[in-house]
There are 2 protein chains.
Amino acid sequence: MSMSFYTADSLKAELHERGWRLTPQREIILDIFQNLAAGKHLSAEELCELLHKEGHDISLSTIYRTVKLMARMGILRELELAEDHKHYEINQPHHHHHHLICVRCNQTIEFKNDSVLKIGDKTSKKEGYHLLDCQLTIHAVCPACQRSILPV
Amino acid sequence: MSMSFYTADSLKAELHERGWRLTPQREIILDIFQNLAAGKHLSAEELCELLHKEGHDISLSTIYRTVKLMARMGILRELELAEDHKHYEINQPHHHHHHLICVRCNQTIEFKNDSVLKIGDKTSKKEGYHLLDCQLTIHAVCPACQRSILPV
DNA sequence: ATTTAAAAGAGAGTTATTCTCAATAAGCTT
DNA sequence: AAGCTTATTGAGAATAACTCTCTTTTAAAT
Ligand SMILES: [Zn+2]
Ligand SMILES: [Zn+2]
Ligand SMILES: [Zn+2]
Ligand SMILES: [Zn+2]
């Protein structure tokens, strides 16, 4: 499992292995995710705003391309939460957690569970796959929504 | 956990509890999913084609509305596989499985693991949530893609 | 049979994401 | 240090999954 700490240098090395390049944009985006509070995830749009606020004008195209690239490298986790767009967060053991989502109000609780990663490790090894990330997603109805009579 | 076997009658009863109705369309769509081979999932478009082939002209609007409704009732599982659209499958204990996805070629392997459901049960109970479904999704690189030099 | 509101159908509308292509620049070569 | 090759960026158009709107139909209660 990757899930190691990436520096600009290790990112550069891994990119160069495949004939790719380290650009200032990629370095800045990695930096953003590494300094994000634990349990915080960003959509592409949110990342764009945050970058803008910090004085970095990176185009949306590049942002979409970069988070996809980093997810496929195992540097970021691509999360399908309740909303209609993806979220990204850094993929590191001490951040590793899972999501309990209310299907009615979309409230999301994060939780940790060590055996999930073990199952992911075992399963991918058994099939000869190289593990990048594993996520347990629980769909449920939260206490408040159970009490409400509102539709669905 | 719901995950029980639904008949037209039990679906009707559960819909009526909330002031909703059992329509022929809903009955037919439930039937399709219950007779699908184990481990088979359908996108909205695929479901539409299949219905058409069997002589049922149900509109895409209704299909989208129905699968969403049934997922929120816990009858169907909503899966985020590798492609850019959702898949649905029946939510029943003897079908319950998880997905190992190659992020490069999108090949997907299904696997069973009993402890995942236990973790989902325990976690949702602890938070007072009513469990509908839990899915372990593993992102990884398959053996063939590990060997290939192709990009990403 | 009548009534009421939920649901279906048709098609327009929305929006997250990808694609295209010209311009730029990373990093290798000399 | 300058030049070269080609990966990458930026801007905006294109795509497509999904939702919304509104009229018509119909489930099911009375
Ligand atoms: Zn999270
Ligand atoms: Zn809720
Ligand atoms: Zn499946
Ligand atoms: Zn593969």
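In what follows, every chain begins at residue 1, and chains take the letters A, B, ... in the order their sequences are listed. Reckoned from all heavy atoms, side chains included, excluding hydrogens, waters and symmetry mates.
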ask   = Just wondering, do A/L100 and A/T108 contact through their side chains at under 4.5 Å, heavy atoms?
value = no
note = In whole angstroms, the gap separating C1' of D/dT8 from CD1 of A/I28 amounts to 14 Å
task = Please test A/I109 against B/T123 for side-chain contact (heavy atoms from CB on, under 4.5 Å), starting from the C-alpha separation and ending with a verdict.
result = CA-CA 10 Å; A/I109 290 182; B/T123 305; over 6 Å; no
query = Does a side-chain N or O from B/T23 land closer than 4.0 Å to OP1 or OP2 of C/dA8, or not?
reply = yes
request  = Tell me which nucleotide among C/dG9, C/dT17, C/dA6 gets nearest to the side chain of B/W20.
outcome  = C/dA6
query = Run the side-chain contact (heavy atoms from CB on, under 4.5 Å) check on B/H41 and B/R77 step by step: do they pass?
reply = CA-CA 9 Å; B/H41 4 77; B/R77 307 173 86 193; over 6 Å; no
ask   = What's the closest nucleotide to the B/K86 side chain, out of C/dA8, D/dT8, D/dC18?
value = D/dC18
inquiry  = If I take atom CD1 from residue A/I119 and atom CZ from residue B/F111, how far apart are they, to the nearest 0.5 angstrom?
reply    = 7.5 Å
Among C/dA10, C/dG27, D/dA11, the nucleotide that comes nearest once only the side chain of A/H16 is considered = C/dG27
message = Need to verify one output field. Residue with the more 5' nearest nucleotide on DNA chain C, A/P24 or A/A44?
response = A/A44
task = Using whole Å, report how far CG of B/L51 lies from C1' of C/dA8.
result = 14 Å
request  = Check whether any side-chain heavy atom of A/L42 lies under 4.5 Å from a side-chain heavy atom of A/F33, and answer yes or no.
outcome  = yes
Proximal nucleotide (of C/dA7, C/dG9, C/dG27) relative to the A/L22 side chain = C/dG27
request  = Starting at atom CD of A/E45, determine the distance to atom P of C/dT15, rounded to an integer number of angstrom.
outcome  = 11 Å
ask   = If an axis is fit to five pairs at each end of the helix from C/dA1-D/dT30 to C/dT30-D/dA1, what is the angle between the two, to the nearest 10°?
value = 40°
note = note: A/H87, atom NE2; C/dA16, atom P; distance rounded to Å ~ 11 Å
ask   = Do A/Q146 and B/H130 meet the criterion of a side-chain donor-acceptor pair at a distance under 3.5 Å?
value = no
key: Integer-rounded Å distance: C/dT18 P and A/H85 NE2   = 14 Å
message = Counting only side-chain nitrogens and oxygens, does A/T62 get under 4.0 Å of the OP1 or OP2 atom of D/dG10?
response = yes
query = Below 4.0 angstrom from OP1 or OP2 of D/dT26, is there any side-chain N or O of B/Q25?
reply = no
request  = Figure out the CD1/C1' separation between A/I58 and C/dA25, and round it to whole Å.
outcome  = 15 Å
task = For B/Y88 and D/dA17, give me the distance from atom OH to atom C1', rounded to whole Å.
result = 10 Å
request  = Tell me which nucleotide among C/dA7, D/dG10, D/dT8 gets nearest to the side chain of B/R21.
outcome  = C/dA7
request  = Could you pick out which residue, B/S61 or B/G19, lies toward the 5' side of DNA chain C when each is mapped onto its nearest nucleotide?
outcome  = B/G19
inquiry  = Any carboxylate oxygen within less than 4.0 angstrom of a Lys/Arg side-chain nitrogen, looking at A/E78 and A/K68?
reply    = yes
note = Of C/dA26, C/dT17, D/dA17, the nucleotide closest to the side chain of A/Y64 is C/dT17
Pairs touching residues 36-54 of chain B that satisfy salt bridge (Lys or Arg N to Asp or Glu O under 4.0 Å), sequence neighbours left out = none
note = Judged by nearest nucleotide, the residue sitting upstream toward the 5' end of DNA chain D, A/L60 or B/L60, is A/L60
request  = On DNA chain D, check which nucleotide each of B/K12 and B/R65 is closest to and give me the residue with the more 5' one.
outcome  = B/R65
Rounded distance in Å - CD1 (A/I63) to P (C/dT17) = 12 Å
